[in-house]
Amino acid sequence: MWYQLCLQTHTKHSQMTKIEFNTLVLRQASSLRSYALHFTHDADDANDLVQDTMLKAITYYNKFKEGTNLKGWLYTIMKNTFINNYRRFVKMSTFVTKSDEISSPNLVYSSTKNQGEAKFVMDDIKRALDRLPADYYVPFTMYFEGHKYHEIADHLIIPIGTVKTRIHVARKLLKKNLKAYDSGIKKPVYAEN
């Protein structure tokens with residue numbers, strides 16, 4: 001028992017307390033700030049880097065080996081913190097593009113697709129179809145379902161030329177009503193109108 005008490009007392013005296021360690025770290029603040037400016041070349045960023053370094057040092061003070069170079073340990077923490085922050089910034093910059101750099105026609109290529117978006121698209125298509133006059137809706141939907149021109153003409157008791165015209169007009173009306181989904185891809189001259 002007495003031996004354990006002596007051992008604990010000796011250990012307490014030979015190890016630095018957290019308060020003593022924090023005081024030693026805080027004394028290094030000015031030299032850390034100079035070193036941080038070497039990396040950042042900006043006073044505000046240097047102050048942030050010093051704060052990050054001191055926070056990590058104080059958080060992990062039990063990793064510091066007493067009797068070793070505290071300033072060298074702090075400089076290593078700072079260097080590693082700067083490198084990790086830089087890597088994180090570069091990684092985020094490659095994945096995230098600033099909105100100013102994305103032109104409106106290219107938004108469709110920069111966004112992700114999901115089922116919610118597909119539902120909105122289908123709802124818009126349904127609304128556009130519902131807006132078609134009956135004279136255009138019926139021949140277009142029959143054609144879309146796979147009926148031949150002559151079958152549509154026989155069913156509606158109209159000439160084939162009228163069926164083709166109504167389907168063509170229906171396509172143009174749908175294209176106009178669904179213009180928001182135009183991908184902006186330039187069509188060949190022969191495909192226009």
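The shown structure was predicted, so the numbers you read here are calculated from the model rather than taken from an experiment.
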task = Group every Ile, Leu, Val, Met, Phe, Trp and Tyr by side-chain heavy-atom contacts under 4.5 Å, then state whether Leu37 and Val50 land in the same group.
result = no

note = CZ (Arg166) and CG (Leu156) are apart, to the nearest 0.5 Å, by 7.5 Å

task = Supply the atom-to-atom distance Arg127 CZ to Leu178 CG, rounded to the nearest 0.5 angstrom.
result = 10.0 Å

request  = Taking all non-hydrogen atoms of both residues into account, name the closest pair between Pro133 and Leu173 and its distance.
outcome  = CD-CD1, 4.3 Å

query = Is Lys126 salt-bridged to Asp130, cutoff N-O under 4.0 Å?
reply = yes

task = Could you pull out the closest heavy-atom pair between Asn177 and Ala128, with the gap in Å?
result = CB-CB, 3.9 Å

Result of checking Thr81, Leu49, Asp45, Asn85 against Phe39 for side chain to side chain contact (heavy atoms under 4.5 Å, CB included) = Leu49

inquiry  = Do Phe21 and Leu55 sit in one hydrophobic cluster, given that two such residues count as connected whenever their side-chain heavy atoms are within less than 4.5 Å of each other, even indirectly?
reply    = no

message = Could you check whether atom NZ of Lys56 has more than 12 heavy atoms from other residues, nucleotides or ligands sitting under 6.0 Å from it?
response = yes

request  = Please report the closest heavy-atom contact between Glu20 and Met16, naming both atoms and the distance.
outcome  = OE1-CA, 3.4 Å

key: side chain to side chain contact (heavy atoms under 4.5 Å, CB included) evaluation trace for Phe140 with Leu174   = CA-CA 10 Å; Phe140 178 81; Leu174 288 171; 3.5 Å; yes

message = Looking at every heavy atom in both Ala46 and Ala36, which two are closest together, and how far apart are they?
response = O-CB, 3.6 Å

ask   = Just how far is it from atom OG1 of Thr165 to atom OH of Tyr136, taken to the nearest 0.5 Å?
value = 9.0 Å

message = According to a hydrophobic-cluster definition based on side-chain heavy atoms being under 4.5 Å apart (Ile, Leu, Val, Met, Phe, Trp, Tyr only), do Tyr60 and Leu74 belong together?
response = no

message = Which label fits Trp73 and Phe64: parallel for a plane angle under 30°, tilted from 30 to 60°, or perpendicular past 60°?
response = tilted

Same apolar cluster (I L V M F W Y, side chains within < 4.5 Å links), Met122/Leu129 = yes

Pairwise side-chain contact, Lys18 with Asn22, heavy-atom cut-off 4.5 Å (strictly under) = yes

request  = Classify the ring geometry between Tyr35 and Tyr75 as parallel (under 30°), tilted (30 to 60°) or perpendicular (over 60°).
outcome  = parallel

task = Establish whether Val169 and Ile125 are linked, either directly or via other cluster members, by ILVMFWY side-chain heavy-atom contacts under 4.5 Å.
result = yes

request  = Give, for atom CD1 of Ile157 and atom CD1 of Ile152, the distance between the pair rounded to the nearest 0.5 Å.
outcome  = 14.0 Å

task = Inspect the surroundings of CZ in Phe82 and state if more than 12 heavy atoms from other residues, nucleotides or ligands are less than 6.0 Å away.
result = yes

inquiry  = Minimum heavy-atom separation for Lys71 and Ser31, please, with both atom names.
reply    = CE-OG, 3.8 Å

message = Within this structure, what is the NE2-CZ distance for the pair His168 and Arg171, rounded to the nearest 0.5 Å?
response = 9.0 Å

query = Has the side chain of Gln28 got a donor or acceptor atom that lies under 3.5 Å from a matching backbone atom of Leu70?
reply = no

inquiry  = Working to the nearest 0.5 angstrom, can you tell me the gap between Leu32 CG and Asn47 CG?
reply    = 11.0 Å

request  = Looking only at non-hydrogen atoms, find the nearest pair between Pro139 and Ala134 and report the distance.
outcome  = CD-O, 4.1 Å

